[in-house]
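Take a look at the structure below.
Proteins get letters first, then strands, A, B, ... in listed order; numbering begins at 1 in each. Owing to the predicted nature of the structure, the values given are computational and were not obtained by experimental measurement.
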2 protein chains.
Amino acid sequence: MRAEVLKGHLDALLLATLEDGPRHGCAIKEALCEATGGKLDLPTGTIYPALHRLERAGLISGTWSVVAGRRRRTYKLTVPGHEALAGARQSWQEFADTISSALRSTPWPATN
Amino acid sequence: MRAEVLKGHLDALLLATLEDGPRHGCAIKEALCEATGGKLDLPTGTIYPALHRLERAGLISGTWSVVAGRRRRTYKLTVPGHEALAGARQSWQEFADTISSALRSTPWPATN
DNA sequence: CTCCATACATAGCATTTCTACCTATAGGAA
DNA sequence: TTCCTATAGGTAGAAATGCTATGTATGGAG
């Protein structure tokens, strides 16, 4: 899948992976990858900065823990995060419907 | 509609507006706007650079003309442009299906 | 003891869209 | 005439954001 098409939609996906319950970065990455049949195998350089962005924005909150000697940062949705997710779902739907219908639009409005 | 969500999908839309027949820049902008009920009212600073990009890429070809004293650049799809449009439609469908299903994904795969 | 997998992180790059301007012409208003 | 608006095309610079490449650190397999 081409790189830039994801722009603006990543945040919604990340929030969605946390809807079930808390997860750490790697688990989020893997959940996205598996849930989409490998179509969204995002590099860590995409995931981690995005999580930091979401945390700065107050949509998720992270806590450090150590599991088997490896430190983990486990994120969970905040209340604003839940709201943002709902909004993002709606925005996505509207966006997708708009583009889909435009790409199917024949004939196009006459504009001379 | 937020700005960056369109990234990577604009080219497909522009190509699609030319499927019916040639159009000049302003007409493309208006066709997009009308066909989407005003949801895609893109600024000219978005349209024109994108058209130049598509022309450089050989997907559309433009010719100058003068109508009522105003110069116009009328674009039409090239053969590679038609192919690119078909590919873009397919890519969009795959992308949209992937995101839609991911946003609906509950429960997410367990990844511990 | 080396190699690999897990886990988190960041610097710098590339792409793309947007904001804000600019040029030019025609036609109507003041 | 002069000004304003609509049409038509254009660009520079900013902003956003995902990617590549690389780095740190730990534990376990071979």
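- At whole-Å resolution of the value, CZ in Arg23(A) and C1' in dC8(C) are 18 Å apart.
- Between Arg70(A) and dG27(D), a side-chain N or O to OP1/OP2 separation shorter than 4.0 Å is absent.
- The shortest distance between the side-chain N/O atoms of His52(A) and the OP1/OP2 oxygens of dT10(C) is below 4.0 Å.
- Taking atom CG of residue Leu51(B) and atom C1' of nucleotide dG9(D), one finds them 10 Å apart after rounding to whole Å.
- Remark: C1' of dG9(D) and CG of Leu54(B) are 16 Å apart, rounded to the nearest angstrom.
- Per the geometry, CG belonging to Leu6(B) stands 17 Å off P belonging to dA16(D), to the nearest Å.
- Comparing atom distances between the Trp64(B) side chain and each of dG9(D), dT6(C), dT10(C) picks out dG9(D) as nearest.
- Out of dC8(C), dG10(D), dA8(D), the shortest distance to the side chain of Arg73(B) is found at dG10(D).
- Across the protein-nucleic acid pair, His24(B) atom NE2 and dA24(C) atom C1' stand 15 Å apart, rounded to whole Å.
- Counting atom types as modelled, Thr44(B) pairs no side-chain N or O with a base atom of dA8(D) as donor and acceptor under 3.5 Å.
- Atom CD1 of Ile28(A) and atom C1' of dG18(D) are 17 Å apart (whole Å).
- The base of dA16(D) lies outside donor-acceptor range of the side chain of Lys7(A), with no N or O pair under 3.5 Å.
- In this pair, Trp92(A) and Phe95(B) present their aromatic rings perpendicular. The plane angle is above 60°, beyond the 30 to 60° band.
- Contact check for Gln93(B) versus Arg89(B): no side-chain heavy atoms found under the 4.5 Å cut-off.
- Between Arg71(A) and the phosphate of dC8(C), there is no side-chain N or O to OP1/OP2 separation shorter than 4.0 Å.
- Comparing Gly25(B) and Asp11(A), the nucleotide of DNA chain D nearest to each residue sits closer to the 5' end for Gly25(B).
- Spacing between atom CZ of Arg56(A) and atom C1' of dA9(C) amounts to 13 Å, rounded to whole angstrom units.
- A close approach under 4.0 Å does not occur between any side-chain nitrogen or oxygen of Arg53(A) and OP1 or OP2 of dA16(D).
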| Trace of the ring-ring contact (aromatic ring centres under 6.0 Å, His included) decision for Trp64(A) with Tyr75(A) | CA-CA 9 Å; Trp64(A) 284 109; Tyr75(A) 293 99; 8.5 Å; no
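- For the atom pair CG of Leu14(B) and CD1 of Ile47(B), the computed distance is 5.5 Å after rounding to the nearest 0.5 Å.
- Checked for salt-bridge contact, Lys76(A) and Glu19(A) miss the test: no charged N lies under 4.0 Å from a carboxylate O.
- Distance Leu40(B) CG to dT17(C) P: 12 Å, rounded to the nearest Å.
- Across all strands shown, Gly45(B) has heavy atoms under 4.0 Å from base atoms, whether or not it also approaches the sugar-phosphate.
- Remark: Tyr48(A) is not in phosphate contact with dA9(C), judged by side-chain N or O atoms under 4.0 Å from OP1 or OP2.
- Contacts of Leu10(A) with the nucleic acid, taken as non-hydrogen atoms under 4.0 Å apart, involve only primed sugar atoms and P, OP1 or OP2.
- The CZ atom of Arg23(B) sits 9.0 Å away from atom CG of Leu32(B), with the distance rounded to the nearest 0.5 Å.
- Gly69(A) comes within contact range of the sugar-phosphate backbone alone, with a heavy-atom separation under 4.0 Å but no base atom that close.
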